[in-house]
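One-based numbering along the sequence shown.
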Amino acid sequence: MKYLIASSILVIIVILCFLFYPFELFSHENISYDDEQKGLSEQITIRFSHVVAENTPKGLAAQKFAQLASEKTDGLVNVEVVPNGTLFTDEEELDALMKNDVQMIAPSVSKMTKLALEWGLFDLPFLFQTNEDVTAVFTSEIGQNFLKLHEDENIKGMALWSNGLKQMTSSVKALKKPEDFIGQRFRIMPSDIIAEQFRRLEAVPIPLPFDQVYVSLEANRFEGQENTISNIYSRRLYELQNYMTISNHGFLGYVVLMNKEFWNSLPKDVQTSLTEAMEEATTWMINESMKMNKQQLKVIDKDSSIQIHYLTNEEREAWLNKLMPVYQTLYNQVNEKFVKDFIEQRRKQLETQ
Ligand code: LMR
């Protein structure tokens, strides 16, 4: 009997222990974090996707921004830069940004023409002559107006970045006179204003995303293309082309964009730090892209068999005569007065040069 009572008491004790034991101490939610882990859970992560290589002006500027953003917020903001279009390609990134599938992108201004024709301004031939011209426009009211163009589409413009002036390449012949373009197919970025320029030269424009340029050139889907030296170099396009003309005929710029709702959700002090980080990265990039384009042209010249021709003033004049009507095309298409005024002003300058 004694034995029965003792074992019943034991069973009751075991049941009570089971019911009231603080098992939550062992649950995952309550594992205590050290300081570093706690910091991680509070971090603000911004994914910044772009389509070029890491060692290009845009790739490096994105990393510079990430570093400055982290420094200025004491590690609170973590900008994850994803290069080479591995997250989203040229064709996908704008939609992804609007849906907040990615928080930051930096498409070329030419690719922005699918949202607003006004961006075609930057595709006009011989719009800029020097990098100083670019800086003057980017830091003026015009630049600021461009940044505000897509606020209604949940897009905040953060900055305009410059990759410098574009050069022409071909596998068929040296591009000196307008006639040299006749019948050749050229890969272009998707922009009606760029396409019209090649049609005026009696060439065939082929719009194609950047990630497909090398393989398509290898497969002879076109004979030539235009780009900045840093893109020609980093994608090794010069290996597949026999001729390059340093023409400085066009411009390649980017607009750095952030999902607007995401931006609005950030604390004010974080917004201030990110604005400062972006200003510093922008200044850094202008100098860096100038340096890289110069240095890499030297390397291409030294290490490859591509023939390099520098467009003469006379040749430039002949290209300009063929291409000038494009100014009128864009003028007729756009609504924003600030863009129309700028087109008129630049057209007059070019006509009197
Ligand atoms: C291109 O498509 O050639 C460029 O826009 C790539 C880039 O982003 O520099």
Could you go step by step and tell me if Glu288 and Lys291 meet the salt bridge (Lys or Arg N to Asp or Glu O under 4.0 Å) rule?
CA-CA 5 Å; Glu288 197 60 22; Lys291 260 198 282 172; 3.5 Å; yes
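- Nearest heavy-atom pair, Pro209 versus Asp90, reported as atom, atom and distance to 0.1 Å: CA-OD2, 3.4 Å.
- Using modelled atom types, one finds a donor on one side chain and an acceptor on the other under 3.5 Å when comparing Asp133 with Thr130.
- Inter-residue side-chain proximity for Tyr238 and Met244 is flagged as unmet; no heavy-atom pair is nearer than 4.5 Å.
- For the side-chain contact (heavy atoms from CB on, under 4.5 Å) criterion with Glu93, the lone passing option out of Val51, Val102, Asp101, Leu87 is Val51.
- Atom CD of Gln345 has more than 12 neighbouring heavy atoms from other residues, nucleotides or ligands inside a 6.0 Å radius.
- Side-chain atoms of Thr139 come within 3.5 Å of backbone N or O of Thr135 as a donor-acceptor pair.
- Counting non-hydrogen atoms of other residues, nucleotides and ligands closer than 6.0 Å to CD of Glu218 gives a total above 12.
- Ring pair Phe138/Phe122 is perpendicular by interplanar angle, where above 60° counts as perpendicular and below 30° as parallel.
- Donor-acceptor pairing under 3.5 Å is lacking for the side chains of Ser171 and Glu223.
- Annotation for Ala277 and Ala69: closest pair CB-N, 3.8 Å, computed over non-hydrogen atoms.
- Rounding to the nearest 0.5 Å gives a distance of 11.5 Å between OG1 of Thr282 and CG of Asn287.
- The minimum heavy-atom distance linking Ala62 with His50 is given by the pair CB-CD2, 4.1 Å.
- The structure places CG of Leu208 at 7.5 Å from CD1 of Ile206, a figure rounded to the nearest 0.5 Å.
- Counting only N and O atoms by type, the side chains of Glu239 and Ser304 include no donor and acceptor under 3.5 Å apart.
- Counted within 6.0 Å of CD on Glu344, heavy atoms from surrounding residues, nucleotides or ligands total more than 12; the atom is thus considered enclosed.
- Residues Val256 and Phe48 have side chains in contact (heavy-atom distance under 4.5 Å, counting atoms from C-beta outward).
- Between the side chain of Gln307 and the main chain of Ala174, no donor-acceptor pair closer than 3.5 Å is present.
- Side-chain contact of Gln67 with Gln63: a donor-acceptor pair under 3.5 Å is absent, judged by distance alone.
- Residue Gly120 comes nearest to Ile193 through the heavy atom pair O-CG2, 3.9 Å, listed as atom of the first residue, atom of the second, then distance.
- Contact detail for Pro178 and Lys322: the closest heavy-atom pair is CB-CG, 3.8 Å.
- By the 4.5 Å heavy-atom criterion applied to side chains, Phe210 and Lys111 are counted as neighbours.
- Side-chain atoms of Gln103 and Asn100 form a donor-acceptor pair, as typed in the model, at a separation below 3.5 Å.
- Listed for the Arg187 side chain is no donor-acceptor partner under 3.5 Å among the backbone atoms of Gln225.
- Side chain of Asn259 to main chain of Glu261: a donor-acceptor pair is present (N/O by atom type, distance under 3.5 Å, no hydrogens or angles).
- Judged as a side chain to side chain donor-acceptor pair (under 3.5 Å), and not counting sequence neighbours, the contacts of Asp123 are Ser110, Ser191.
- For the pair Ser49 (side chain) and Ile105 (backbone), a donor-acceptor distance under 3.5 Å is absent.
- For Lys340, the NZ atom counts as densely surrounded, since its 6.0 Å shell holds more than 12 non-hydrogen atoms of other residues, nucleotides or ligands.
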Verify side-chain contact (heavy atoms from CB on, under 4.5 Å) between Lys114 and Leu94, making sure each step is shown before the conclusion.
CA-CA 10 Å; Lys114 85 171 183 191; Leu94 267 168; 3.9 Å; yes
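- No side-chain donor-acceptor contact under 3.5 Å links Lys260 to the backbone of Lys156.
- Side-chain atoms of Gln328 and Asn332 form a donor-acceptor pair, as typed in the model, at a separation below 3.5 Å.
- Not one N or O on the side chain of Glu315 forms a donor-acceptor pair closer than 3.5 Å with the backbone of Lys177.
- Among Asn231, Asn227, Thr245, Asn248, the single residue meeting the side chain to side chain donor-acceptor pair (under 3.5 Å) criterion with Gln167 is Asn248.
- With hydrogens and angles ignored, the 3.5 Å screen pairs a side-chain donor or acceptor of Ser273 with a backbone N or O of Asp269.
- Ring centers of Phe65 and Trp161: at least 6.0 Å apart, outside the cut-off.
- Among Ile306, Thr169, Val213, the one residue that satisfies the side-chain contact (heavy atoms from CB on, under 4.5 Å) test with Leu237 is Val213.
- Gln296 and Ser230 are not linked by any side-chain donor-acceptor pair at a separation below 3.5 angstrom, with hydrogens and angles left out of the test.
- Enclosure of atom NZ in Lys294 is not indicated, since only 12 or fewer non-hydrogen atoms of other residues, nucleotides or ligands lie within 6.0 angstrom.
- A 4.5 Å side-chain heavy-atom check between Met324 and Arg347 finds at least one atom pair inside the cut-off.
- A side-chain contact (heavy atoms from CB on, under 4.5 Å) with Asn293 holds for exactly one of Asn131, Thr228, Ile232, Leu165; it is Thr228.
- The closest side-chain donor-acceptor pair between Gln197 and Arg200, if any, does not fall under 3.5 angstrom.
- Residues Val77 and Thr73 come closest through the heavy atom pair N-OG1, 3.0 Å.
- Using the six-membered ring where Trp is involved, Trp119 and Phe146 have ring planes that are tilted, between 30° and 60° apart.
- You'll find the ring centres of Phe251 and Phe128 inside the 6.0 Å limit.
- Shown are Leu97, Leu115, Leu257; of these, the side-chain contact (heavy atoms from CB on, under 4.5 Å) with His150 is made only by Leu115.
- Counting heavy-atom neighbours within 6.0 Å of Asp303 CG, excluding the residue itself, gives a total above 12.
- Counting heavy-atom neighbours within 6.0 Å of Tyr233 OH, excluding the residue itself, gives a total of 12 or less.
- Remark: Glu276 pairs with Lys72 by the salt bridge (Lys or Arg N to Asp or Glu O under 4.0 Å) rule, at least two apart or across chains.
- Between Phe126 and His249, the angle of the ring planes goes over 60°, which puts this pair in the perpendicular group of the 30/60° scheme.
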